[in-house]
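One structure below.
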Amino acid sequence: IERLRAEGVAAELADDPRCRAGLAGYLMQRTLGRPFVTLKLAVTADGFVARPDGSSKWITGEVARAHVHRERARHDAILVGGGTLRADAPRLDVRLPGLEDRSPQRLVLTAGEAPPGWDALRDPGEIHGLAAVQHLFVEGGAQTADAFLAAGLVDRLLLYRAPVTFGEGIPAFRDPGPAGVPAGWNLADRRQLGSDTLEVYHPA
């Protein structure tokens with residue numbers, strides 16, 4: 001902009017919300033030195049992410065799962081907790097036709113060692129060292145979700161709500177409000193994905 005103005009060209013920086021949203025990852029790295037973080041959780045209608053024994057596979061249907069794979073393809077890296085890695089052995093790749101090569105870098109939040117093809121983070125704050133990652137998708141585990149929320153390191157929340165109930169199990173959030181999410185989050189979008197509902201929240 002300064003070079004344009006120096007050559008006599010009138011230039012004005014317009015702070016357009018849609019442009020800012022499109023540059024969210026770049027701007028987050030430039031201003032705070034970390035990626036833009038999206039937290040994804042698949043939850044039951046009564047607010048659980050897993051049964052009491054920790055099992056949770058396929059809470060949502062095929063349409064919602066395909067949407068998750070599209071979200072994975074839009075991110076540079078994807079992260080789960082060590083418990084999720086040990087219990088589910090997730091592939092964390094993109095399995096949509098034509099987008100298989102967009103599978104993100106795989107990260108695990110653990111005090112132990114990362115398996116081959118993965119990188120380990122000991123603490124959520126270590127995302128400040130991911131200079132090459134503009135968009136981080138945090139996908140697995142209630143404990144991991146709680147750790148990132150407690151650290152104030154979540155910029156967007158995706159809740160895939162399924163029309164099933166567990167009655168008991170591992171809750172999505174430690175202290176949910178009336179809307180089923182922690183205080184300080186505003187609903188920005190809601191859409192139907194087959195039999196499931198996607199809710200998108202932004203910080204208040």
Side-chain angles (χ1 to χ4, degrees), residues 1-41 63-80 92-107 109 119 121 123-140 144-161 173 177 179-193 196-204:
I1 289 175
E2 291 305 320
R3 287 175 60 189
L4 289 170
R5 289 172 176 166
E7 296 296 327
V9 179
E12 181 178 348
L13 179 62
D15 188 10
D16 182 82
R18 291 168 298 180
C19 293
R20 181 169 288 277
L23 292 169
Y26 168 80
L27 294 173
M28 192 67 73
Q29 277 288 7
R30 291 298 299 268
T31 58
L32 297 181
R34 67 166 178 85
F36 183 92
V37 177
T38 294
L39 170 62
K40 167 261 175 182
L41 291 169
V63 178
R65 294 200 298 272
H67 192 275
V68 170
H69 280 264
R70 192 198 73 160
E71 285 293 325
R72 288 179 179 179
R74 298 175 62 191
H75 287 75
D76 304 303
I78 184 170
L79 179 145
V80 296
L92 301 187
D93 55 0
V94 177
R95 296 190 290 276
L96 293 179
L99 293 178
E100 295 90 348
D101 62 343
R102 295 294 303 272
S103 295
Q105 174 188 355
R106 294 177 296 178
L107 306 172
L109 186 68
D119 293 301
L121 299 183
D123 179 87
E126 290 188 12
I127 66 171
H128 286 85
L130 301 174
V133 177
Q134 292 188 5
H135 291 274
L136 173 64
F137 200 47
V138 177
E139 189 171 321
T144 298
D146 185 63
F148 272 82
L149 287 167
L153 293 174
V154 178
D155 305 296
R156 183 175 68 138
L157 177 61
L158 300 183
L159 285 189
Y160 295 83
R161 292 191 187 272
F173 303 108
V181 299
W185 292 89
N186 288 338
L187 181 66
D189 189 19
R190 178 188 284 117
R191 66 186 67 179
Q192 199 69 26
L193 298 174
D196 307 307
T197 303
L198 169 64
E199 296 174 358
V200 181
Y201 291 87
H202 294 162

Measure across Pro203 and Val154 and return the closest heavy-atom pair with its distance rounded to 0.1 Å. CG-O, 4.2 Å
Distance-minimising heavy-atom pair for Leu157 and Phe173: CD2-CZ, 4.0 Å
Do the non-hydrogen side-chain atoms of Ile127 and Leu121 ever get within less than 4.5 Å of each other? yes
With rounding to the nearest 0.5 Å, note down the distance linking CG in Leu109 to CZ in Phe148. 6.0 Å
Considering residues at least two apart in sequence or located in another chain, which fulfil the salt bridge (charged side-chain N to carboxylate O under 4.0 Å, His left out) criterion with Arg65? none
Contact summary for Pro124 and Leu153, nearest pair of heavy atoms: O-CD1, 3.5 Å
Contacts of Asp146 that satisfy side-chain contact (heavy atoms from CB on, under 4.5 Å) - sequence neighbours left out: Arg174
Salt bridge (charged side-chain N to carboxylate O under 4.0 Å, His left out) filter on Glu2, not counting sequence neighbours, yields Arg5
Flag if over 12 foreign heavy atoms under 6.0 Å of CD, Gln192: yes
Partners meeting side-chain contact (heavy atoms from CB on, under 4.5 Å) with Arg106 (sequence neighbours left out): Ile78, Leu92, Trp118
Find out whether Val68 and Glu139 are in side-chain contact, i.e. whether some heavy atom of one side chain is under 4.5 Å from a heavy atom of the other. yes
With the side chain counted from C-beta on, respond yes when Leu159 and Trp185 share a heavy-atom pair under 4.5 Å apart, and no when they do not. no
So, using side-chain hydrogen bond (donor to acceptor under 3.5 Å, both in side chains) as the criterion, who are the partners of Asp189 when residues are at least two apart? Arg191
To the nearest 0.5 angstrom, please state how far the CG atom of Leu99 sits from the CZ atom of Arg74. 11.5 Å
What residues form a salt bridge (charged side-chain N to carboxylate O under 4.0 Å, His left out) with Arg190, not counting sequence neighbours? Glu199
Measuring only between side-chain heavy atoms, which start at C-beta, is Thr144 closer than 4.5 Å to Val80? no
May I ask you to decide if His135's main-chain N or O and Asp76's side chain share a donor-acceptor pair within less than 3.5 Å? yes
Sequence neighbours left out, what passes side-chain contact (heavy atoms from CB on, under 4.5 Å) with Val63? Give chain and number order. Leu193
Nearest-0.5 Å distance that lies between atom CD in Glu100 and atom NE2 in His69: 10.5 Å
Identify all side-chain donor-acceptor contacts of residues 18-27 below 3.5 Å with residues at least two apart in sequence or on another chain.
| residue | atom | partner | partner atom | Å |
| --- | --- | --- | --- | --- |
| Arg20 | NE | Asp15 | OD1 | 2.9 |
| Arg20 | NH2 | Asp15 | OD1 | 3.3 |
| Tyr26 | OH | Arg30 | NH1 | 2.6 |

Can you find a pair of side-chain heavy atoms, one from Met28 and one from Gln134, that are under 4.5 Å apart? no
Distance-only, no hydrogens or angles: does the Gln29 side chain make a donor-acceptor pair with backbone N or O of Leu130 under 3.5 Å? yes
Can you list everything that forms a side-chain hydrogen bond (donor to acceptor under 3.5 Å, both in side chains) with Arg102? Sequence neighbours excluded, please. none
Side-chain donor/acceptor of Thr38 to backbone N/O of Phe137, under 3.5 Å: no
Suppose we screen for side-chain contact (heavy atoms from CB on, under 4.5 Å). Which residues come up paired with Asp119, at least two apart in sequence or across chains? Gln105, Leu107
Identify, with sequence neighbours excluded, every residue that meets side-chain hydrogen bond (donor to acceptor under 3.5 Å, both in side chains) alongside Asp93. Arg91, Arg95
By ring-ring contact (aromatic ring centres under 6.0 Å, His included) - contacts of Tyr160 (at least two apart): His67
Quick one, Leu136 and Pro104 - any side-chain contact, counting heavy atoms below 4.5 Å? no
